[in-house]
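In this text the structure is predicted, and so the values were computed from the model without any measurement. Reckoned from all heavy atoms, side chains included, excluding hydrogens, waters and symmetry mates. Here is the naming used below: chain letters follow the sequence lines, and residue numbers restart at 1 for every chain.
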Amino acid sequence: MIVKKVREEVAEEDMEELEVVYVPPPPPEEEDSIFSHYATGINFDKYDNILVDVSGDNPPQAIMTFEEAGLCETLSRNVSKSGYVKPTPVQKHGIPIIAAGRDLMACAQTGSGKTAAFLLPILQRLMEDGVAASRFSEVQEPEAIIVAPTRELINQIYLEARKFAFGTCVRTVVVYGGTSTGYTIREVLKGCSVLCGTPGRLLDIIGRGKVGLSKLRYLVLDEADRMLDMGFEPDMRKLVGSPGMPSKEERQTLMFSATYPEDIQRMAADFLKIDYLFLAVGQVGGACSDVEQQVLQVTQYSKREALMDILKTTGTERTMVFVETKRKADFIATFLCQENVPTTSIHGDREQREREQALTDFRTGKCPVLVATSVAARGLDIEHVQHVVNFDLPSGIDEYVHRIGRTGRCGNTGRAVSFFDPEADSPLARSLIKVLSGAQQEVPSWLEEIAGGAHGTTGFNPRGRVFASTDTRRREEARHQVSVPSSAADEDVWE
DNA sequence: TCTCGAT
């Protein structure tokens, strides 16, 4: 029996030939609930005087307003209902690049609107032709796949996509581990245009043949440097090598992150067309200057006392406390609860339900303190996070930039306090100083001294990038010539 | 070490 799913009117002759299942448009939802997610007022002043650098051949012209993005009526309405008034730099440049069908590697500071920068043009293109073209397929196969490194982050992207696609016939599905396999398979089998997922579960359902890839046009790697680092690279290679996956020539590949180490940039080129564009807003790997950064010198044994001192002043303000291991997350969370600080925690050893409950309790303010491992370091957009505490500093500076980026989002201000234990953290000193000074923050003299004696830097290279060009020779040169000065950019635009 | 499939 052939079953066809139809969203709109069907020609009479088709009706006779086939058993037709009418698929209604997405069920009416409470608009208020869907648009209340992460609705933040955006302060655009912070985006003045940010250097935007587009490298590569013939980049399309930037847009200055959302009207110029040419979004359909429904999308425009959803954009303004979400509180977006004016595009941020990564949106001004990224949207036309994606709309023009170009591959893109984009670096922009934490909290600067990267998610909308790729969702809007993709949804618009799907509205224009994608969804309509595959309307009569047996099961709707995804036209866009979006991957992210953690479950909570991909769920957040999914909710954003749902918000923008509200009232359209674009169906979005999210898949990730820790949830019922049966349920995700049933959801996927209903078909979708946009499929969001974490690598493990995505490969799982693709491997089981539950998702066809023949319609795929867009592949998005959010937190791309993380998706291509040691931990995830094998999964990403499996994904692009999956049976039926269009080659990089046949699909459009988009990468977004706030940090982008150069070795990863070079490797990322394997996934991108040769003429991809590179978009950098501000310093690649730089911290957002709306976050006030402090570094305190501590010892392993004075950390808990120092934490209590901070929490005495923060009261009910939301505070994220990052630690290095899952065990320590439990330990510190338990400690804080014993000290009568309402605390919850999130890390990879907790049940998925507990993880999501923890985020909810933190978001609502039931628990104003969230103890987390790096699972919560990237991408999460939680309103009103005023403080980030690095109880333990991460081993790499990029992770530091992402962690402190949980505050100071969308033009709001925030504060980050980091406990620096010279015994453990000296290798980070140099790169930490670069990030501090890059964001116009005070550098403690004791930290300078430690950096003077320490040898290693943990790979921070402002504005480092690899040129994108149709001229292969030029790109080969660029591969060897790391850290190109910004004046060498094809086009520099002062906002 | 930390994420990422369940088994």
Side-chain angles (χ1 to χ4, degrees), chain A residues 145-158 173-188 195-211 220-242 257-259 261 264 300 320-333 345-356 358-359 370-380 388 390-406 421 424-425 427-428 458-459:
Chain A
I145 287 183
I146 302 169
V147 292
T150 66
R151 298 164 178 178
E152 290 74 19
L153 178 55
I154 199 64
N155 194 45
Q156 175 182 301
I157 295 166
Y158 162 74
V173 165
V174 66
V175 301
Y176 52 83
T179 58
S180 151
T181 312
Y183 175 77
T184 39
I185 290 177
R186 281 195 297 278
E187 280 300 300
V188 165
L195 178 59
C196 308
T198 46
R201 184 57 69 89
L202 215 43
L203 288 172
D204 186 13
I205 58 168
I206 290 171
R208 291 168 189 244
K210 304 300 181 190
V211 180
V220 183
L221 274 61
D222 198 20
E223 306 296 346
D225 57 330
R226 185 80 175 89
M227 302 313 296
L228 294 172
D229 80 2
M230 273 199 326
F232 282 114
E233 191 213 351
D235 280 352
M236 288 302 101
R237 297 217 182 261
K238 263 184 237 163
L239 180 63
V240 296
S242 297
S257 185
T259 55
I264 305 272
Q300 276 315 316
M320 288 179 84
V321 179
F322 284 99
V323 295
E324 239 347 59
T325 66
K326 295 176 275 198
R327 281 184 57 194
K328 202 160 179 187
D330 283 335
F331 179 72
I332 298 298
S345 71
I346 185 167
H347 60 70
D349 274 353
R350 299 203 74 187
E351 300 282 340
Q352 190 53 30
R353 243 201 218 164
E354 298 176 313
R355 288 167 58 157
E356 279 163 25
L359 275 192
L370 176 68
V371 180
T373 59
S374 278
V375 71
R378 284 173 177 259
L380 295 184
V388 169
N390 281 307
F391 190 90
D392 300 319
L393 276 162
S395 53
I397 195 65
D398 287 342
E399 213 60 13
Y400 170 85
V401 171
H402 285 281
R403 284 181 181 186
I404 69 169
R406 293 320 95 213
D421 172 14
D425 302 320
L428 198 69
T458 316

Set of residues satisfying side chain to side chain contact (heavy atoms under 4.5 Å, CB included) with respect to [X], sequence neighbours excluded:
X: Ser257(A); answer: Glu223(A), Asp225(A), Thr259(A), Tyr260(A), Arg378(A), His402(A)
X: Ala376(A); answer: Met320(A), Phe322(A), Ile346(A), Ala372(A), Leu380(A)
X: Arg186(A); answer: Tyr183(A)

Is [X] touching bases, backbone alone, or none of the nucleic acid, heavy atoms closer than 4.0 Å?
X: Arg355(A); value: sugar-phosphate
X: Gly178(A); value: sugar-phosphate
X: Ser374(A); value: nothing

TODO: Under 4.0 Å from any atom of DNA chain B, heavy atoms only: list the residues of residues 225-232 of chain A that qualify, in numerical order.
DONE: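 Those residues are Arg226(A), Phe232(A).
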Open item on the list: Between the side chains of Lys326(A) and Asp330(A), is the shortest nitrogen-to-carboxylate-oxygen separation below 4.0 Å, so that they form an ion pair?
Closed with: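 A salt bridge is absent here (no side-chain N lies under 4.0 Å from a carboxylate O).
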- [ ] Say whether, by atom type as modelled, one donor and one acceptor occur between the side chain of Arg350(A) and the main chain of Ser345(A) under 3.5 angstrom.
- [x]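 Such a contact is found between Arg350(A) side chain and Ser345(A) backbone.
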TODO: Side-chain contact test, heavy atoms from C-beta onward, threshold under 4.5 Å: evaluate it for Val371(A) versus Lys328(A) and give yes or no.
DONE: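 Heavy-atom side-chain distance check fails, nothing below 4.5 Å.
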Open item on the list: So for atom CZ, which belongs to Arg327(A), do other residues, nucleotides or ligands contribute more than 12 heavy atoms lying within a distance under 6.0 Å?
Closed with: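 No, because the 6.0 Å sphere around CZ of Arg327(A) holds 12 heavy atoms or fewer from other groups.
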Open item on the list: For chain A and DNA chain B, what are the first and last nucleotides along the strand, 5' to 3', with at least one atom under 4.0 angstrom from a heavy atom of the protein chain?
Closed with: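 The footprint of chain A covers dT1(B) to dA6(B).
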Task: Residues forming a ring pair (Phe, Tyr, Trp, His ring centres under 6.0 Å) with Phe391(A), sequence neighbours excluded - done: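 By the ring pair (Phe, Tyr, Trp, His ring centres under 6.0 Å) rule, Phe391(A) matches Phe419(A).
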